[in-house]
Number of protein chains: 2
Amino acid sequence: MKNNIKQLREVRGISQGKLALMCSVSRQTINAIENNKYDPSLELAFGIADALETKVDSVFKYQKKEKKRG
Amino acid sequence: MKNNIKQLREVRGISQGKLALMCSVSRQTINAIENNKYDPSLELAFGIADALETKVDSVFKYQKKEKKRG
DNA sequence: CCTTGATGTCAAACACTTTTTACACATTGG
DNA sequence: CCAATGTGTAAAAAGTGTTTGACATCAAGG
């Protein structure tokens with residue numbers, strides 16, 4: 001799964017912390033998702049898309065699962 | 001979160017079991033999601049949308065969280 | 001009646017997501 | 001220097017999603 005949260009965030013001038021507030025999650029959660037540590041829950045994916053005024057399908061793109069490394 | 005998996009499935013003549021196979025998850029998982037026991041992971045949401053030849057935003061609609069009852 | 005396929009439900013176990021707390025570095029401005 | 005803001009990272013604990021195995025109901029057909 002890849003996402004363009006960072007780009008969408010930056011053109012809107014929203015920090016990770018602000019986006020976290022808008023989605024009611026921790027700043028670390030947004031940071032981890034942006035950096036592909038893990039995928040958000042479906043609910044949070046909708047929250048993020050909503051905060052960025054776009055669609056889930058526009059923020060996230062599915063791609064074959066990448067195996068986790070060490 | 002609500003979804004129209006059942007309707008999308010039925011117009012395509014796909015059973016819960018078949019959809020489960022297409023998504024590589026158990027039949028119970030599809031059943032539980034259809035019956036709003038819980039929301040799928042984002043990855044599975046994409047898998048379901050894909051199997052039903054539509055978009056995540058078309059299959060699932062976000063709505064205020066419903067508190068769990070005993 | 002018996003079998004088969006589709007659906008609904010439960011519980012235990014396991015894997016993954018999220019929170020919390022804490023520390024690090026860079027930049028901006030007093 | 002010191003404070004504030006934005007970002008990256010880590011570990012433990014809590015919460016959520018998924019699998020497996022089991023059992024129940026309903027409908028269709030031998």
Side-chain angles (χ1 to χ4, degrees):
Chain A
M1 191 73 67
K2 73 189 182 58
N3 70 77
N4 28 50
I5 297 174
K6 191 184 180 91
Q7 298 82 307
L8 293 167
R9 212 168 40 71
E10 288 177 347
V11 301
R12 288 165 177 73
I14 300 177
S15 69
Q16 291 182 349
K18 178 121 197 288
L19 180 55
L21 278 176
M22 296 168 86
C23 297
S24 304
V25 298
S26 68
R27 178 180 68 79
Q28 287 85 337
T29 293
I30 297 296
N31 184 287
I33 293 164
E34 258 188 39
N35 291 289
N36 288 291
K37 296 300 193 252
Y38 51 74
D39 295 329
S41 66
L42 183 56
E43 182 179 0
L44 179 49
F46 271 92
I48 291 170
D50 212 56
L52 297 174
E53 296 177 291
T54 181
K55 299 284 191 182
V56 170
D57 293 280
S58 303
V59 182
F60 299 92
K61 303 290 181 193
Y62 181 67
Q63 49 184 11
K64 231 168 223 141
K65 188 157 206 161
E66 168 118 10
K67 272 290 193 254
K68 227 158 272 183
R69 266 171 271 191
Chain B
M1 190 74 66
K2 73 189 183 56
N3 69 77
N4 27 52
I5 296 175
K6 191 184 180 93
Q7 298 82 308
L8 293 167
R9 216 171 33 75
E10 288 178 346
V11 300
R12 288 164 178 72
I14 300 177
S15 69
Q16 290 183 349
K18 178 120 198 290
L19 180 55
L21 277 176
M22 297 168 87
C23 299
S24 304
V25 296
S26 69
R27 178 182 69 78
Q28 287 87 333
T29 293
I30 298 296
N31 184 287
I33 294 164
E34 257 189 41
N35 291 288
N36 288 292
K37 298 300 194 251
Y38 50 75
D39 295 329
S41 66
L42 183 56
E43 182 178 359
L44 180 49
F46 270 92
I48 292 171
D50 211 58
L52 297 174
E53 295 176 293
T54 181
K55 299 284 191 180
V56 171
D57 293 281
S58 303
V59 182
F60 301 91
K61 302 291 181 195
Y62 182 66
Q63 50 184 11
K64 232 169 222 135
K65 187 158 208 160
E66 170 116 10
K67 271 289 193 255
K68 226 160 271 182
R69 265 172 272 192

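Letters A, B, ... are given to chains in the order of the sequence lines, protein chains preceding strands, and every chain is numbered from 1.
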Check your understanding: Taking the side chain of B:N31 as its heavy atoms from C-beta onward, which of C:dT18, C:dT9, D:dT9 lies nearest to it?
Key -> C:dT9
Exercise for review: Could you say whether B:P40 or A:G17 is positioned toward the 5' end of DNA chain D, judged by the nucleotide with the nearest heavy atom to each?
Suggested key: A:G17
Check your understanding: Going hydrophobic residue to hydrophobic residue with side-chain gaps under 4.5 angstrom, can you get from A:L21 over to A:V59?
Key -> no
Check your understanding: When you match B:E10 and A:L44 each to their closest nucleotide on DNA chain C, which lands nearer the 5' end?
Key -> B:E10
**Study point:** Atom-pair distance (CG on B:L21; C1' on C:dT7), nearest Å
**Key:** 15 Å
Practice item. Give, for atom CD of B:Q16 and atom NZ of B:K6, the distance between the pair rounded to the nearest 0.5 Å. Key: 6.5 Å
Check your understanding: Just how far is it from atom CG of A:L52 to atom CD1 of A:I5, taken to the nearest 0.5 Å?
Key -> 7.0 Å
Practice item. Quick one: label B:S41 by what it contacts on the DNA or RNA (base, sugar-phosphate, nothing), any heavy atom closer than 4.0 Å. Key: sugar-phosphate
**Study point:** Donor-acceptor pair present, A:Q28 side chain and C:dT17 base, under 3.5 Å
**Key:** no
Exercise for review: State whether A:T29 places a side-chain N or O below 4.0 Å from either non-bridging phosphate oxygen (OP1 or OP2) of C:dT19.
Suggested key: yes
Revision key, fill the gap. Between OH of A:Y38 and P of D:dA10 the distance, given in whole Å, is 13 Å
**Study point:** Separation of atom CD1 in B:I5 from atom P in C:dG8, rounded to whole Å
**Key:** 12 Å
Check your understanding: Tell me: NZ of A:K6 to P of D:dG6, nearest whole Å?
Key -> 13 Å
Review point. Less than 3.5 Å between a donor and an acceptor, one on the side chain of A:R27 and one on the base of D:dG8, is that the case here?
Key: yes
Check your understanding: Which whole-number value in Å describes the distance from B:I30 CD1 to C:dT7 C1'?
Key -> 13 Å
Study note, to complete from the structure: Here the gap from A:Y62 atom OH to B:D50 atom CG, rounded to the nearest 0.5 Å, amounts to 8.5 Å
Study note, to complete from the structure: A:I33 atom CD1 is separated from C:dC16 atom C1', nearest whole Å, by 13 Å
Check your understanding: Using a cut-off of 4.0 Å on non-hydrogen atoms, how would the nucleic acid contact of B:S15 be classed: base, sugar-phosphate, or nothing?
Key -> sugar-phosphate
Check your understanding: When the distance from CG of A:L19 to C1' of D:dG6 is rounded to whole Å, what number comes out?
Key -> 13 Å
Review point. Do A:N31 side-chain atoms and A:R27 backbone N/O form a donor-acceptor pair below 3.5 Å?
Key: no
Point to revise | Value in whole Å for how far the P atom of D:dG17 lies from CD of A:E43 | key: 9 Å
